[in-house]
Amino acid sequence: MNTLKAYLELIRYPLFAIPIVATLPGALIASEGAWNWHVGLTLLIALLGYFAGMMKNDYFHRDQDYIAHPNRPIPSNRLTPRQVMITASGIYIVCVILGFTLHIKAGLLVIALVMISHSYNAIFKERGILGSISLPIGIGLLNIFGALAVSGGVPRLVWYAFAATTLYDCGTHITTTFKDIERDKKIGVTTTPLQLGIKPALAVSAAATIIAFIAAALPYWLEDVRWHYTVWIIFALIATSITRVPLYLNPNEKNGYLALQGSMIGAITFFPCLISVQISLWGSALLILPLMLLTMTLLNVSKREV
C-alpha cells in the first residue's frame, strides 16, 4: 500500500485530465464523434504515457529533489531510482505495443512521443526555452496521435488543434515556472524566465498564448464548422486572463501558482474545444466540466505540488 501511494504521488494523478483533453480532439474528429474501443484505447495510451513521463521526471531530477523536495518518493527512499526507471520504461513499452495494435502510424508516433518525453526530462527541462518548446510539442502531438490511432489519417481540423494546444502549453510552461523561480535559482535550474529574463519570458508567453487562441478560432472563419465550440475558447480566455494578469503586473511565486491554477482550467476547456465540431455543446460539456471539477477537487484534496 505504501508503494502504491508513492507511485500515485510520483505520477501527479491530479493532472490526469491533461493527456485526455489533449488527445480527445484528434480522436473524436477522426472518428466523426463516434465513441468506440479505438477511442478508449487511444486515451488510455496517452494517459499511461503521460504518467510514465512524470516518473521519468522524478528519476532524472532526483538530485535536485534531494535538496528542494526531500519528501518526494525517491529522495525519501519510498521508491528506488531503479524501481522508477524500470516501471516507467515498462509502461512506455506497453504504450508502444498498444499504439501499433491500433495503427502502424500511431505506433511510430508513440515512439516519437516517448523520445520527446525522455529528451525533455533528461536534457531540455533545464535548458530554458528549449524545455518550454519541446514539452508543448509533445502535448500538441497527442492530437495527431489521437487521429492516427483512430483512423490512420489526420483531418485538417486536427492540425488547428495541434497548433492551438502546442502554443497554449508553451505559454503555460513559461508562466508556471515562476512558482518555483527562487528555488530554481538556488539549485541551479535554468528555466525560461531565468534564461531570457522576466519581461522577455512573459512577452514570449503572452505571444504564444494569444496566437494559440487565434489558431483555435480560425476554423470558425476558414472551415465549415458550427460556432458553438467557441464557447470553450471564450471560457478558457477568461480563466487564463484573470489568473495571468497578476503575474504580469507582479511576477512572483504566489502569482506564478495562481497562473498555474488558471492554466489548468484553461487547458481542460481549451485543448478539447474542437470536439464540439463533432458532438453537441451539451455533449462536450458532459466531458469537459466533470474533468475540470475532478481535477480541481483532486488538487485541493491531495495538496500535491505540481
Side-chain angles (χ1 to χ4, degrees), residues 15-47 50 136 139-172 208-243 262-296:
L15 305 182
F16 80 99
I18 297 300
I20 292 175
V21 295
T23 309
L24 270 174
L28 287 184
I29 290 172
S31 71
E32 298 182 345
W35 287 90
N36 52 47
W37 72 270
H38 288 87
V39 174
L41 184 56
T42 298
L43 297 179
L44 177 62
I45 294 169
L47 184 63
Y50 188 80
I139 297 296
L141 282 173
L142 288 175
N143 286 283
I144 309 302
F145 166 68
L148 291 175
V150 170
S151 69
V154 184
R156 189 164 60 244
L157 279 176
V158 177
W159 290 107
Y160 291 102
F162 163 74
T165 300
T166 301
L167 288 163
Y168 185 89
D169 200 59
C170 178
T172 293
T209 304
I210 291 169
I211 299 172
F213 282 109
I214 293 172
L218 281 178
Y220 174 71
W221 303 103
L222 303 179
E223 309 289 339
D224 184 21
V225 299
R226 294 175 291 183
W227 65 271
H228 62 235
Y229 85 93
T230 59
V231 169
W232 299 116
I233 298 177
I234 295 170
F235 191 102
L237 179 61
I238 293 171
T240 303
S241 300
I242 290 174
T243 55
S263 294
M264 286 295 298
I265 296 172
I268 294 171
T269 54
F270 182 67
F271 287 179
C273 65
L274 280 166
I275 66 174
S276 295
V277 170
Q278 294 291 356
I279 63 178
S280 68
L281 179 62
W282 295 112
S284 63
L286 288 175
L287 285 171
I288 293 171
L289 294 180
L291 286 173
M292 181 176 66
L293 292 173
L294 183 55
T295 297
M296 294 298 106

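Below, each value reflects all heavy atoms present in this structure, side chains not excepted, and no hydrogens, waters or symmetry copies. All of these numbers come straight from a predicted model, not from anything done at the bench.
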To the nearest 0.5 Å, atom SG of C170 lies from atom CD1 of I139 at 12.5 Å

Pair up each side-chain donor or acceptor in residues 267-278 with any protein partner under 3.5 Å, not counting sequence neighbours, and list the distances.
from: T269; atom 1: OG1; to: I265; atom 2: O; distance (Å): 3.0
from: T269; atom 1: OG1; to: G266; atom 2: O; distance (Å): 3.1
from: S276; atom 1: OG; to: W232; atom 2: NE1; distance (Å): 3.4
from: S276; atom 1: OG; to: S284; atom 2: OG; distance (Å): 2.9

Of all heavy-atom pairs between A216 and P219, which one has the smallest distance, and what is that distance?
-> O-CD, 3.2 Å

Between Y229 and L218, what is the shortest heavy-atom contact and its length?
-> OH-N, 4.4 Å

Quick one: CZ on F145 to OG1 on T23, what's the gap to the nearest 0.5 Å?
-> 7.0 Å

Using the test side-chain hydrogen bond (donor to acceptor under 3.5 Å, both in side chains), find all partners of Y160 that sit at least two apart in sequence or belong to another chain.
-> E223

So which heavy atom on P25 is nearest to which on V21, and how close?
-> CD-O, 3.1 Å

G140 backbone acceptor or donor facing N143 side chain under 3.5 Å = yes

Could you go through residues 32-47 and list every donor-acceptor pair under 3.5 Å that involves a side-chain atom there, pairing it with any protein atom two or more places apart or in another chain?
from: N36; atom 1: OD1; to: H38; atom 2: N; distance (Å): 3.0
from: N36; atom 1: OD1; to: V39; atom 2: N; distance (Å): 3.0
from: T42; atom 1: OG1; to: H38; atom 2: O; distance (Å): 2.6

Take atom CZ in F16; do more than 12 heavy atoms of anything else shown fall under 6.0 Å from it?
-> yes

Contact check, side chains of I20 and L291, non-hydrogen atoms, under 4.5 Å = yes

Can you tell me how far CG of L237 sits from OG1 of T230, rounded to the nearest 0.5 angstrom?
-> 11.5 Å

Between the OG1 atom in T243 and the CD1 atom in I238, the distance rounded to the nearest 0.5 Å is 11.5 Å

Considering all heavy atoms of both residues, which atom of A17 and which atom of T295 are nearest to each other, and what is their separation?
-> CB-OG1, 3.5 Å

